[in-house]
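Notes to accompany the following structure.
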Amino acid sequence: MTTPSNAIATAMASFARFLLLALAMTAPAHAHRPDPSPALVELEIVDRDSGRRLQSWHHQGQAWVAGEPGRPYAIGLRNLTGSRVLVVLSVDGLNAIDGRSAAFGQAGYVLGPWQALEVTGWRKSLGTVARFVFDDPARSYAARTGRPANIGVIGIAVFREHAPAYLPPPIGIGSARQAHGSEPSPGRQARAIQRTTDGVHGPHRAGVHPEARAIASGAPAPGLGTGHGAVEGSRAYYTGFEREAVPSQVSEVRYDTRAGLLARGVRMPTLHRPGRHRPPLDEPRPFPGEFVPDPR
């Protein structure tokens, strides 16, 4: 005769076997889970005179490219996802859109799904840029504006778009007026603007302006910077984009003359192998703005 306690024990044993089976079946899925943080945007440097993508070389966890003084270049950005992303672009530690010391919360370029974009210069207006040109560090835009501490590095901070919480549409007179062609909701207006642009996202919040850091004497001085070249046409538009709180990707590439790379010990036959790297404090950083500075 089966007692209630025996029935409970049998049921519990069956449940335990089922639970163990479920765990055994789900374990391989965890073991083969892909990298949770793949690259969202591909970054490359392009020689504009030849159209050639500059080869990157791997040295001590960093990617390096060799530039030639006087040659204009472009920064190629390719969205590798099926969603919009925002890219804050830093050149020599400065935001390429507004010229401030680069920080994560600043203006950036919005790329549509799978979109490729070449940024050819410092943005001067919605219709023009000043060419990126490899130049002597003393003539670089960063040095000429008194901020030479991060010459020789190009970086991107990539943000996913924040997915707003779903709110059901209003019921009653309000929705009836919209159905008859009255003024569209702010959400609908934003979508219409986004369809007409691949453009520029305006300032999100104030950036920071830390004092320039002296480059440590132990680090080789940069042999190349980015100048403020001739102004040329480059059309952009403002668009709405609500970014997530933190970037999903931060990537950088360093540049110097070929002689400078050799002096740093960069072996040219070594192909670039991406990897995480946190540069020492005495090296240039693409996003130097981190905390609010003291007032002067």
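Keep in mind that this is a model prediction, so the values were computed, not measured.
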State which residues pass side-chain hydrogen bond (donor to acceptor under 3.5 Å, both in side chains) with R53; sequence neighbours excluded, sorted by chain then number.
E44

Which residues pass the side-chain hydrogen bond (donor to acceptor under 3.5 Å, both in side chains) test with Y73, not counting sequence neighbours?
T226

Going by distance alone, is a donor N or O of one side chain under 3.5 Å from an acceptor N or O of the other, for N79 and Q115?
no

Report yes or no: does Q55 contribute a side-chain atom to a donor-acceptor pair with the main-chain N or O of V65 at less than 3.5 Å?
no

For F159, all residues meeting ring pair (Phe, Tyr, Trp, His ring centres under 6.0 Å), sequence neighbours excluded:
none

Spatial distance of atom CZ (R254) from atom CD (Q62) [nearest 0.5 Å]
4.5 Å

Does the R123 side chain pair with the main chain of S234, one donor and one acceptor, at a distance under 3.5 Å?
yes

How long is the straight-line distance from CD1 of I156 back to OG of S90, given to the nearest 0.5 Å?
10.5 Å

Sequence neighbours excluded, the answer for salt bridge (Lys or Arg N to Asp or Glu O under 4.0 Å) partners of R139 is D135

Residues at least two apart in sequence or cross-chain that pass side chain to side chain contact (heavy atoms under 4.5 Å, CB included) with R71, listed by chain then number, are D47, D49, S50, E68

Any pair with a residue in residues 101-121 that passes salt bridge (charged side-chain N to carboxylate O under 4.0 Å, His left out), sequence neighbours left out, goes on the list, sorted by first then second residue, please.
none

Restricting to side chain to side chain contact (heavy atoms under 4.5 Å, CB included), what partner residues turn up for R48, sequence neighbours left out?
P72, A74, T120, R131, E232

Does P69 have any side chain to side chain contact (heavy atoms under 4.5 Å, CB included) partners at least two apart in sequence or in another chain, and if so, which?
L224, T257

Please list, chain by chain and in numerical order, all residues satisfying side chain to side chain contact (heavy atoms under 4.5 Å, CB included) with S83, sequence neighbours excluded.
T81

